[in-house]
Amino acid sequence: MRPLDLDYMLGLVPVLLKYVPLTLAMASVAMVFALLLASLMAVVRVMRVPLLDGFTQIFISFFRGTPLLVQLFLFYYGLPQVFSFLTAINGVTAAIMGITLHFAAYMAESIRAAILGVDRSQWEAARSVGMTTAQMMRRIILPQAARIAAPTLVNYFVDIIKSTSLAFTLGVTELMGAAQKEAAGSFLYFEAFILVAVIYWVIVEALTVVQRQLEARLGKAVAR
């Protein structure tokens, strides 16, 4: 059994940490756009908007029914062959687009369930004071649904962070891509990959702490 090269691992730590901001930036941008798109699709599904509801169901079915890696390859390698204006798209943009659409499909169903979980008396109260559907959603329903869905959405953000590791398959040098390059140069694959696994683990554990605090705050708000 070969001993771990600890000196190599210690030297690799600052090299990999340089790519953590890019990983978190990609995940954050994808999360914001996925949340916006998912909220829109959830409202469309709850209100059963003609035509858009059917399109949304197909969208959700496709992006939940196909692997994320296939979707990333489709965006980066496939679509530019059909639509010439997409040839300028870079790996980072393609990765963000793919991750955004993939997780928006999952988040839409969670947000829809949260909207339907809001007490019906809230809907009736909003309508009784003459609110339009848009006003009711913006002022009454969505804020309460956000509180219900918040813990689940944090879990999706954790999954998004881990999914950014697939961006290296599009040539993006993010955390995983950097580890792959360093391992290929040194042939110390175990050291490089165990180190990148630990970095992801630390990031996710930090988010777990945030999630627990968020759930505790939401629990107090509900208890009032």
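Bear in mind that the values here come from a model prediction, so they are computed numbers and not experimental data. Worth knowing before you read on, the calculation uses all heavy atoms, side chains too, and leaves out hydrogens, waters and symmetry mates.
- Cluster annotation: M47 and L51 are assigned to distinct hydrophobic clusters (Ile/Leu/Val/Met/Phe/Trp/Tyr, side-chain heavy-atom contacts under 4.5 Å, transitive).
- Between Q135 and R138 there is a side-chain heavy-atom pair separated by less than 4.5 Å.
- By the rule that hydrophobic residues join a cluster once side-chain heavy atoms approach within less than 4.5 Å of another member, V15 and L175 end up as members of one cluster.
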What verdict does the side chain to side chain contact (heavy atoms under 4.5 Å, CB included) test give for T164 and Y200, after you've listed the backbone C-alpha separation in whole Å, the side-chain angles of each residue and the deciding distance to 0.1 Å? CA-CA 11 Å; T164 58; Y200 274 113; 4.1 Å; yes
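- With hydrogens and angles disregarded, no donor-acceptor distance shorter than 3.5 Å links the side chain of S61 to the backbone of I58.
- Both M97 and V82 are assigned to one and the same hydrophobic cluster, defined by single-linkage of ILVMFWY side chains at heavy-atom distances under 4.5 Å.
- For the atom pair L188 CG and L12 CG, the distance stands at 9.5 Å (nearest 0.5 Å).
- Defined by atom type and a distance below 3.5 Å, a donor-acceptor pair is present between the side-chain atoms of S186 and Y8.
- Side-chain atoms of T93 and N90 form a donor-acceptor pair, as typed in the model, at a separation below 3.5 Å.
- Side-chain contact between M41 and L52 is absent, with no heavy-atom pair separated by less than 4.5 Å.
- Proximity of Y19 to V172: side-chain heavy atoms (C-beta onward) are nowhere separated by under 4.5 Å.
- The distance from the CZ atom of F193 to the CD atom of Q180 is 4.5 Å, given to the nearest 0.5 Å.
- Residue L116 holds its CG atom at 12.5 Å from CG of D119, rounded to the nearest 0.5 Å.
- Of all heavy-atom pairs between A94 and L72, the closest is O-CD2, 4.0 Å.
- For the pair M137/W123, a side-chain contact is recorded, criterion being any heavy-atom separation below 4.5 Å from C-beta on.
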Can you check side chain to side chain contact (heavy atoms under 4.5 Å, CB included) on F59 and L37, steps first, answer last? CA-CA 11 Å; F59 176 92; L37 182 58; 4.1 Å; yes
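- Counting all heavy atoms, side chain and backbone alike, V196 lies closest to A179 at CB-CB, 4.0 Å.
- Between the S84 side chain and the P80 main chain, no donor and acceptor come within less than 3.5 Å of each other.
- The closest side-chain donor-acceptor pair between Y76 and T169, if any, does not fall under 3.5 angstrom.
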Evaluate I89 against F75 for side chain to side chain contact (heavy atoms under 4.5 Å, CB included), listing each step before the verdict. CA-CA 9 Å; I89 194 171; F75 273 104; 5.7 Å; no
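- Residue Q81 places its CD atom among 12 or fewer non-hydrogen atoms of other residues, nucleotides or ligands, all under 6.0 Å distant.
- Evaluation of the ring pair (Phe, Tyr, Trp, His ring centres under 6.0 Å) rule for F168 yields no partner, not counting sequence neighbours.
- To the nearest 0.5 angstrom, L207 atom CG is 8.0 Å from L24 atom CG.
- Formation of a donor-acceptor pair under 3.5 Å by the Q71 side chain with backbone atoms of F63 is found in this model.
- For the pair E191 (side chain) and D5 (backbone), a donor-acceptor distance under 3.5 Å is present.
- Side-chain heavy atoms closer than 4.5 Å link hydrophobic residues (I, L, V, M, F, W, Y) into clusters, and following such links, possibly through other members, connects M176 to V158.
- In this structure, the side chains of I111 and L35 come closer than 4.5 Å at one or more pairs of heavy atoms.
- With rounding to the nearest 0.5 angstrom, the CD1 atom of I99 is 10.5 Å from the CD1 atom of I161.
- No single ILVMFWY cluster, assembled from side-chain heavy atoms under 4.5 Å apart, contains both V154 and L36.
- The two atoms that bring R139 and P143 nearest to each other are O-CG, 3.7 Å, heavy atoms only.
- Within a 6.0 Å sphere centred on CZ of F62, other residues, nucleotides and ligands contribute more than 12 heavy atoms.
- Side-chain contact between R212 and T208 is present, with at least one heavy-atom pair separated by less than 4.5 Å.
- Taken to the nearest 0.5 Å, the OG1 atom of T87 stands 12.0 Å off from the CG atom of L79.
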Passes salt bridge (Lys or Arg N to Asp or Glu O under 4.0 Å), R48 versus D53? Steps please. CA-CA 5 Å; R48 296 183 179 176; D53 186 29; 5.4 Å; no
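- A tilted orientation is assigned to the rings of H102 and Y106, their planes being inclined by 30° to 60°.
- We find that E109 and R112 are joined by a salt bridge, their nearest charged nitrogen and carboxylate oxygen being less than 4.0 Å apart.
- At least one side-chain heavy atom of I194 sits less than 4.5 Å from a side-chain heavy atom of M9.
- A114 and A145 make their closest contact through CB-O, 3.5 Å (heavy atoms, listed as atom of the first residue, atom of the second, distance).
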Evaluate I199 against T23 for side chain to side chain contact (heavy atoms under 4.5 Å, CB included), listing each step before the verdict. CA-CA 11 Å; I199 293 174; T23 295; over 6 Å; no
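- Annotation: F33, atom CZ; neighbour count of heavy atoms from other residues, nucleotides and ligands within 6.0 Å does not exceed 12.
- The side-chain heavy atoms of V118 and I140, taken from C-beta on, include no pair separated by under 4.5 Å.
- Shown here for G91 and L170, the closest heavy-atom pair between the two residues is O-CD1, 3.9 Å.
- Listed here is the closest heavy atom pair of I160 and A30: CG2-CB, 4.2 Å.
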